[in-house]
Chemist: 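Here you go, one structure.
Here is how names work: the chains are called A, B, and so on, in the same order as the sequence lines, proteins then strands, and each is numbered from 1.
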Amino acid sequence: MSIVIYVAVMAVVTYLIRMVPFTFFRKKITSQFWLSFLHYIPYAVLSAMTFPAIFYSTGDGNTVTAVAGTIVALAMAYFELPLIAVALGASAAAFITGLII
Amino acid sequence: MKKDFARGMSHGVPIMLGYLSVSFGFGIAAVGKGLSALCASLISLTNVTSAGQAAGIDIIAAGGTLLEMVLVQITINMRYSLMALSLSQKLDKRFTTPHRLAASYGITDEIFAVCAAQNTPLTPAYMYGVIFVAVLGWVGGTAMGAVAGEILPEAVSNAMGLVLYGMFIAIVMPPCKKEKGVLAVSLIAVVISLLFKYVFTVVSGGFAMIICAIVASLAGAWLFPVKDTREGKE
């Protein structure tokens, strides 16, 4: 299947998700259950996307560097450093580990 | 009108700087999965969303179905509906339907956060200013990352593969410390994700993620209902 079709589908779906409520929806959701559900969705998505995929993110056979980067990311995030600092710190840790081993 | 646009642009600069490094990582990842630099940039220009794009190129690389793509994008990007909903309550009367159709394109976590923090009603010019600068950084970073991915030494581009995941951890960790519910939801999601990866391997990655997100969030909503209804402060 052509990549262009995938990209078009991604773009249209993502746009509609933003556009429909912004343009047409005027009421507020009041159900506490569904508000809670929507509140948790991003965290569930990001956590599931990150683990275990992060351990494979530095290429085949480089699990050790990925684990090092993950530990550094978790530690830096725990101390609430800025997003960019955590992202680049994780990469730097993986790179340095790769030089050592 | 012009002043609003300029003010929006100045508020967009920090977002642009953040986007540059993250989308650089996306560009590298996209090229690593076999997409061209042009295609990666086109995805960034038309989607403007990190998690959705990262999942999207996974599905493309794995040759997934279009239904999977649609459901994954809906699940991952559903939060934008809430942000759009929230912003729609504080729009200036200059925000006519055509302006709403145009500006909704640029509702991201960071742009939402900046717009939601404004004390005055949002004007179209202001939002266009923020979006213009932020998207410039997002697409520019993608293109640079994609080109760099082809010329950088392998050790560097491999390490850069962690950039997006590092950012995801940085988003999730602080609320995990403050809210038991977020911590529980995140741990449930990780456990289910591990099960799909190593035990129930027949389920494809996209569907596995949808199930993770919905099951973990339902559990969270049931066990830890949120009292404050303010949304989007990731």
Side-chain angles (χ1 to χ4, degrees), chain A residues 1 3 5-7 9-11 13-15 17-23 25-26 29 32-54 57-59 62 65-66 69 73-74 76-78 80-81 83-84 86-92 94-95 98, chain B residues 18 21 39 42-43 46-47 49 51-52 56 60 66 69-70 73-74 76-82 84-85 88 97 100-101 104-105 107 155 158-163 165-174 182 185-186 189-190 193-194 197 209 212-213 216-218 220-221 225-226 229 234:
Chain A
M1 193 164 10
I3 288 179
I5 298 173
Y6 280 112
V7 176
V9 168
M10 274 174 82
V13 172
T14 307
Y15 174 67
I17 289 168
R18 291 164 164 152
M19 184 275 279
V20 171
F22 197 66
T23 309
F25 208 95
R26 306 293 162 111
I29 300 171
Q32 191 190 26
F33 182 82
W34 291 113
L35 281 173
S36 303
F37 174 76
L38 291 167
H39 173 76
Y40 287 130
I41 281 277
Y43 305 111
V45 166
L46 293 178
S47 300
M49 274 191 79
T50 304
F51 295 97
I54 191 169
S57 66
T58 55
N62 294 328
T65 63
L74 288 169
M76 290 177 78
Y78 186 82
E80 306 196 11
L81 292 164
L83 300 190
I84 314 164
V86 177
L88 295 180
S91 281
F95 179 71
Chain B
S21 57
C39 186
L42 188 67
I43 292 175
T46 53
N47 285 266
T49 171
I60 293 174
L66 288 177
M69 179 67 95
V70 169
Q73 295 302 322
I74 289 174
I76 296 180
N77 293 330
M78 193 195 283
R79 67 186 188 284
Y80 293 135
S81 289
L82 260 195
L85 199 67
S88 73
T97 300
R100 287 175 189 243
L101 291 174
S104 56
Y105 151 81
I107 299 170
N158 278 347
M160 292 295 287
L162 273 161
V163 164
Y165 295 112
M167 190 189 73
F168 295 162
I169 288 177
I171 291 173
V172 173
M173 182 66 100
V182 175
V185 166
S186 299
V190 169
S193 173
L194 291 170
K197 175 77 183 179
M209 183 155 57
C212 287
S217 300
L218 283 176
V226 182
T229 56
E234 285 182 22

Chemist: What distance do Ser47(A) atom OG and Met173(B) atom CE have between them, rounded to the nearest 0.5 Å?
Modeler: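 Taking OG in Ser47(A) and CE in Met173(B), the distance rounds to 10.0 Å.
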
Chemist: Look only at the side chain of Ser81(B) and the backbone of Ile17(A), and say whether a donor-acceptor pair between them is shorter than 3.5 Å.
Modeler: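 A pair under 3.5 Å: yes.
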
Chemist: Please rank Thr46(B), Ile74(B), Val185(B), Leu194(B) by heavy-atom pairs under 4.5 Å with chain A and give me the top one.
Modeler: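 Greatest number of close heavy-atom pairs with chain A: Val185(B).
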
Chemist: Find the distance between CE (Met19(A)) and CZ (Arg100(B)) and round it off to the nearest 0.5 Å.
Modeler: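 One gets 12.0 Å once the value is rounded to the nearest 0.5 Å.
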
Chemist: With rounding to the nearest 0.5 angstrom, report the CE to OG distance, Met49(A) to Ser193(B).
Modeler: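 Met49(A) CE to Ser193(B) OG: 10.0 Å, rounded to 0.5 Å.
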
Chemist: side-chain contact (heavy atoms from CB on, under 4.5 Å) between Val226(B) and Tyr40(A): does it pass, once the steps are laid out?
Modeler: CA-CA 9 Å; Val226(B) 182; Tyr40(A) 287 130; 3.9 Å; yes

Chemist: Could you walk me through whether Asn77(B) and Arg18(A) pass the side-chain contact (heavy atoms from CB on, under 4.5 Å) test, one step at a time?
Modeler: CA-CA 8 Å; Asn77(B) 293 330; Arg18(A) 291 164 164 152; over 6 Å; no

Chemist: Is any side-chain heavy atom of Thr50(A) closer than 4.5 Å to a side-chain heavy atom of Val172(B)?
Modeler: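 They are not in side-chain contact.
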
Chemist: Working to the nearest 0.5 Å, report the span between CE of Met167(B) and CG of Leu88(A).
Modeler: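 Between Met167(B) CE and Leu88(A) CG, I get 11.5 Å after rounding to 0.5 Å.
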
Chemist: In terms of heavy-atom pairs under 4.5 Å with chain A, which of Cys39(B), Gly56(B), Ala84(B), Gly166(B) leads?
Modeler: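 Between Cys39(B), Gly56(B), Ala84(B), Gly166(B), the count favours Ala84(B).
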
Chemist: Chain A: which of Gly52(B), Cys212(B), Ala216(B), Pro174(B) shares the most heavy-atom pairs with it under 4.5 Å?
Modeler: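 Greatest number of close heavy-atom pairs with chain A: Pro174(B).
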
Chemist: Count the heavy-atom pairs under 4.5 Å between each of Ile41(A), Val86(A), Leu81(A) and chain B, then report the option with the highest count.
Modeler: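 Most pairs with chain B among the choices: Ile41(A).
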
Chemist: At a heavy-atom distance under 4.5 Å, which candidate from Leu74(A), Val9(A), Val20(A), Asn62(A) has the highest pair count against chain B?
Modeler: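 Going by pairs under 4.5 Å, I would pick Leu74(A).
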
Chemist: Minimum heavy-atom separation for Val163(B) and Ser91(A), please, with both atom names.
Modeler: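 That would be CG2-OG, 3.3 Å.
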
Chemist: Do you know which two heavy atoms are closest between Thr58(A) and Ala159(B), and how far apart they sit?
Modeler: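 Result for this residue pair: CG2-CA, 4.3 Å.
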
Chemist: Please report the closest heavy-atom contact between Ile169(B) and Phe51(A), naming both atoms and the distance.
Modeler: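 Result for this residue pair: CD1-CZ, 4.3 Å.
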
Chemist: Within this structure, what is the CG-CZ distance for the pair Leu85(B) and Phe22(A), rounded to the nearest 0.5 Å?
Modeler: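 Result: 10.5 Å between the selected atoms.
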
Chemist: Is any side-chain heavy atom of Tyr15(A) closer than 4.5 Å to one of Ser104(B)?
Modeler: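 They are in contact (side-chain heavy atoms under 4.5 Å apart), so the answer is yes.
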
Chemist: Tell me, do Thr65(A) and Asn158(B) make a side-chain contact under 4.5 Å, heavy atoms counted?
Modeler: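 No, too far: nothing below the 4.5 Å cut-off.
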
Chemist: Measure the OH-CZ distance between Tyr43(A) and Arg79(B) for me, rounded to the nearest 0.5 Å.
Modeler: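 Between Tyr43(A) OH and Arg79(B) CZ, I get 10.0 Å after rounding to 0.5 Å.
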
Chemist: So which atom in Ala170(B) and which in Ala77(A) form the shortest heavy-atom distance, rounded to 0.1 Å?
Modeler: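 So the minimum-distance heavy-atom pair works out to CA-CB, 3.8 Å.
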
